[in-house]
Amino acid sequence: MNKNLLLKLLAHAHRSVAEVKSSAPDLFAALQGLALDEAREKLTAEFADAAPELQKRIVALQLVDVALAAIPVLVKQALAANLTPEQADDGGDRLAELELAGAFHDPLAQGDAVVG
């Protein structure tokens, strides 16, 4: 995040998510991008030591401009076919761990939550 966006975040820290979304859409978009980046990093890290085929499928997902809540569905689809039973179980277990940890929770989903 660049300096201007950080200053804008500081200026809007007392506002709700909904207020930021309507009054500073560029800031809101940047915050969404950061949340998506964090979820992608957690997903990549969780599968870093998985079988190469699982890693390839995670990398191939191209999770750009996607809702955080959609990520588990997309991962399940990517793991749905042509894997050994062991790979499918491992991929499912890894995804379940991420979901339990809240890796795909959208911090901007509650419009009345205060940004700062």
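Counting from 1, the numbers follow the sequence of the chain as shown.
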Can you pull out every salt bridge (charged side-chain N to carboxylate O under 4.0 Å, His left out) where at least one residue sits in residues 100-112? Sequence neighbours excluded, please. none
Verify the cluster assignment for F104 and L54: are they in a single hydrophobic cluster under the rule of side-chain heavy atoms below 4.5 Å apart? yes
Here the gap from L108 atom CG to L34 atom CG, rounded to the nearest 0.5 Å, amounts to 9.5 Å
Go through the steps to decide whether R15 and V114 satisfy the test side-chain contact (heavy atoms from CB on, under 4.5 Å), and finish with yes or no. CA-CA 5 Å; R15 296 184 183 213; V114 176; over 6 Å; no
For G91 and F47, the nearest pair of non-hydrogen atoms, with its separation, is O-CZ, 3.7 Å
Nearest 0.5 Å please: distance from the CG atom of L7 over to the CG atom of L10. 7.0 Å
Specify the closest pair of heavy atoms between H12 and A24, including all atoms of both residues, with the distance to one decimal. NE2-CB, 3.8 Å
Sorted by chain and number, sequence neighbours left out, side chain to side chain donor-acceptor pair (under 3.5 Å) with K8 holds for D26
Distance-only donor-acceptor pairs under 3.5 Å for side chains of residues 94-101, two or more places apart:
from : atom 1 : to  : atom 2 : distance (Å)
R94  : NE     : D90 : OD1    : 2.9
R94  : NE     : D90 : OD2    : 3.0
R94  : NH1    : E46 : O      : 2.5
R94  : NH1    : D49 : OD1    : 2.7
R94  : NH2    : D49 : OD1    : 3.4
R94  : NH2    : D90 : OD2    : 3.4

For A30 and L5, the nearest pair of non-hydrogen atoms, with its separation, is CB-CD1, 3.6 Å
Do any pairs count as a side chain to side chain donor-acceptor pair (under 3.5 Å) and have a residue in residues 30-40, sequence neighbours left out, and if so which ones? D37-R40, E38-K42
From T84 atom OG1 to D89 atom CG, the distance as rounded to the nearest 0.5 Å: 8.5 Å
In chain order, what residues pass the side-chain contact (heavy atoms from CB on, under 4.5 Å) check against S16, with sequence neighbours excluded? A18, E19
Looking at residues at least two apart in the chain, or sitting in another chain, which of them share a side-chain contact (heavy atoms from CB on, under 4.5 Å) with A113? V17, Q110
Under the side-chain contact (heavy atoms from CB on, under 4.5 Å) test, residues paired with S22 that sit two or more places apart: none
Do any side-chain atoms of residues 57-79 form donor-acceptor pairs under 3.5 angstrom with protein atoms, and if so which ones, sequence neighbours left out?
from : atom 1 : to  : atom 2 : distance (Å)
R57  : NE     : E53 : OE2    : 2.9
R57  : NH1    : A78 : O      : 2.9
R57  : NH1    : A81 : O      : 2.5
R57  : NH2    : E53 : OE2    : 3.4
R57  : NH2    : A81 : O      : 2.9
R57  : NH2    : N82 : O      : 3.2

